[in-house]
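The structure under discussion appears below in the form of structure tokens.
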Protein chains: 2
Amino acid sequence: MNSLAEENYLKALLNLSNDKGEVNVNELSKRLEIKMPTVTSMMKRLSAKKLVHYESYKPLRLTEKGKKEAAAIIRKHRLTEMFLVEKMGFGWEQVHDIAEQIEHIQSPEFFAKMDELLGFPKLDPHGSPIPDKNGKMVWKEYSKLSECKAGDTIKLSAVINTSAEFLKFLNSRELSLGLKLKIKSVEPFDNTMVVSYGKRLSETLSHTVCERLLVEKV
Amino acid sequence: MNSLAEENYLKALLNLSNDKGEVNVNELSKRLEIKMPTVTSMMKRLSAKKLVHYESYKPLRLTEKGKKEAAAIIRKHRLTEMFLVEKMGFGWEQVHDIAEQIEHIQSPEFFAKMDELLGFPKLDPHGSPIPDKNGKMVWKEYSKLSECKAGDTIKLSAVINTSAEFLKFLNSRELSLGLKLKIKSVEPFDNTMVVSYGKRLSETLSHTVCERLLVEKV
DNA sequence: ATAATAAGTTAGATTAGACTAACAAATTTA
DNA sequence: TAAATTTGTTAGTCTAATCTAACTTATTAT
């Protein structure tokens with residue numbers, strides 16, 4: 001069994017290693033807000049447990065075992081978020097911190113029950129895929145809203161940043177997943193977008209916001 | 001904020017100090033399965049935090065602050081058990097170990113939501129009172145089944161032992177809270193009871209079992 | 001009342017997980 | 001390519017929470 005600290009390192013490693021499967025000590029240190037020497041020593045421990053491939057001065061890579069255990073934690077996190085929203089009536093901006101704690105609960109039955117009560121969901125409330133029991137997790141092919149062009153009509157499918165502040169901002173603009181929107185124009189010098197959706201015919205979204213919204217072309 | 005270990009000591013202290021409000025180091029040590037020297041040193045720490053009255057070689061007593069914090073943990077435990085049974089479909093024999101973990105979640109909103117969804121319950125699935133938000137917890141005046149006499153008709157109101165084994169035994173005899181039963185006879189030499197209830201007209205219950213069942217006279 | 005037993009404490013060791021200070025390697029910049 | 005910067009490691013310290021061994025105090029039994 002892994003400790004709480006170990007679980008947090010594993011999860012952060014998988015979350016950071018989206019593309020190449022490689023993570024730097026420095027990145028991990030920043031993400032976890034834990035100093036680099038501590039990270040180095042933990043990597044040696046996880047390496048001894050065959051969860052991480054570790055060589056001095058080389059990037060970090062999860063082993064297959066490590067990936068599976070990390071995915072299991074992320075699965076618990078996302079199932080929990082879904083449960084909190086769908087079954088307990090929380091808003092999507094309220095669930096991250098609670099799920100961050102519940103993901104460490106050791107009880108397969110508990111999460112199996114959540115899964116069943118939710119009808120075996122594939123996505124969490126922020127549009128992120130819930131890894132299956134084997135640790136398999138596939139992201140649909142989304143684009144960032146910031147990469148779309150004026151005239152495009154798109155569907156809001158996921159958010160990258162799940163901080164309460166960002167999600168409260170989205171709430172305040174009635175932006176929620178599944179929403180269709182049309183890009184009316186893009187300011188060339190700061191990439192600000194003017195979009196229309198629902199009853200809002202002209203909302204302005206900063207580039208910072210548009211970079212954090214994942215969309216599907218419609 | 002108290003650590004997980006500290007919370008477990010506080011909870012055990014309150015659970016053990018039913019009558020006199022006093023607990024021995026030895027009892028606490030056995031309950032927590034932690035050696036006495038470790039308990040002693042933790043008591044010094046909790047004493048420094050004004051949670052426990054501690055003097056060498058004297059029994060341990062929770063301070064008012066300690067009682068309140070301990071009750072808050074027990075409240076979270078029992079609300080969780082109720083939620084698991086009522087809202088998630090677990091059996092009363094399955095919920096203890098899960099609640100043991102969830103009781104440490106730091107999120108007033110999470111437990112407030114449970115409370116609300118459950119309709120502000122006063123008792124947990126085993127008949128134990130759920131402390132209110134101020135830490136107040138009152139046990140109704142129950143008798144042990146083992147103290148009743150032949151001819152009595154009583155209602156099963158709570159169980160003392162909440163181990164899965166004991167609860168599974170009760171399940172196997174269709175014994176559940178709220179059930180009315182009649183004491184047909186008591187064996188004088190081993191205090192075994194023969195009772196009838198529902199469709200079961202003659203069930204034999206050992207003294208060990210009868211001591212763990214709390215009942216109300218009807 | 002004293003000896004035996006049980007309960008409690010002190011002292012010192014251990015492990016996990018964090019830190020800082022100092023140094024070393026790798027990368028970037030001039 | 002050499003200097004400056006960034007990244008990573010080593011060495012050593014600290015605290016929480018556990019342990020064992022040895023000792024002390026309190027309780028029980030003869």
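This is a predicted model, so every value here is computed, not measured. Letters A, B, ... mirror the listed sequences (proteins, then strands); counts begin at 1.
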Check the pair A/Asp132, A/Lys122 against salt bridge (charged side-chain N to carboxylate O under 4.0 Å, His left out), reporting the backbone distance first and the verdict last.
-> CA-CA 8 Å; A/Asp132 70 19; A/Lys122 297 272 174 292; over 6 Å; no
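- For B/Tyr9 and D/dA16, the OH to C1' distance is 11 Å, given to the nearest whole Å.
- Taking only side-chain nitrogens and oxygens, B/Thr38 comes nearer than 4.0 Å to OP1 or OP2 of D/dC19.
- Distance CE (A/Met42) to P (C/dC19): 11 Å, rounded to an integer number of Å.
- Rounded to an integer number of Å, the gap from B/Met43 CE to D/dT18 C1' is 14 Å.
- In this structure, B/Asn8 places its CG atom 17 Å from P of D/dA16, rounding to the nearest Å.
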Can you check each nucleotide of nucleotides 6-11 of chain D against protein heavy atoms at under 4.0 Å and return B for base, S for sugar-phosphate only, - for none, in 5' to 3' order?
-> -SBBB-
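- At least one cation-pi condition fails for B/Lys44 and B/Tyr54: the charged atom is not both under 6.0 angstrom from the six-membered ring centre and inside a 45 degree cone around its axis.
- The aromatic rings of A/Phe83 and B/Phe83 stand perpendicular to each other, their planes meeting at an angle above 60°, with 30° marking the opposite boundary.
- Within 6.0 Å of NZ in A/Lys65 there are more than 12 heavy atoms belonging to other residues, nucleotides or ligands.
- Atom CD of A/Glu6 is separated from atom C1' of C/dA16 by 9 Å (rounded to the nearest Å).
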From CA spacing to verdict: salt bridge (charged side-chain N to carboxylate O under 4.0 Å, His left out), A/Glu103, A/Arg75 = CA-CA 8 Å; A/Glu103 71 192 8; A/Arg75 174 175 164 79; over 6 Å; no
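- The local environment of CD in B/Glu147 is crowded, with over 12 non-hydrogen atoms from other residues, nucleotides or ligands closer than 6.0 Å.
- In this structure, B/Met1 places its CE atom 21 Å from P of D/dT15, rounding to the nearest Å.
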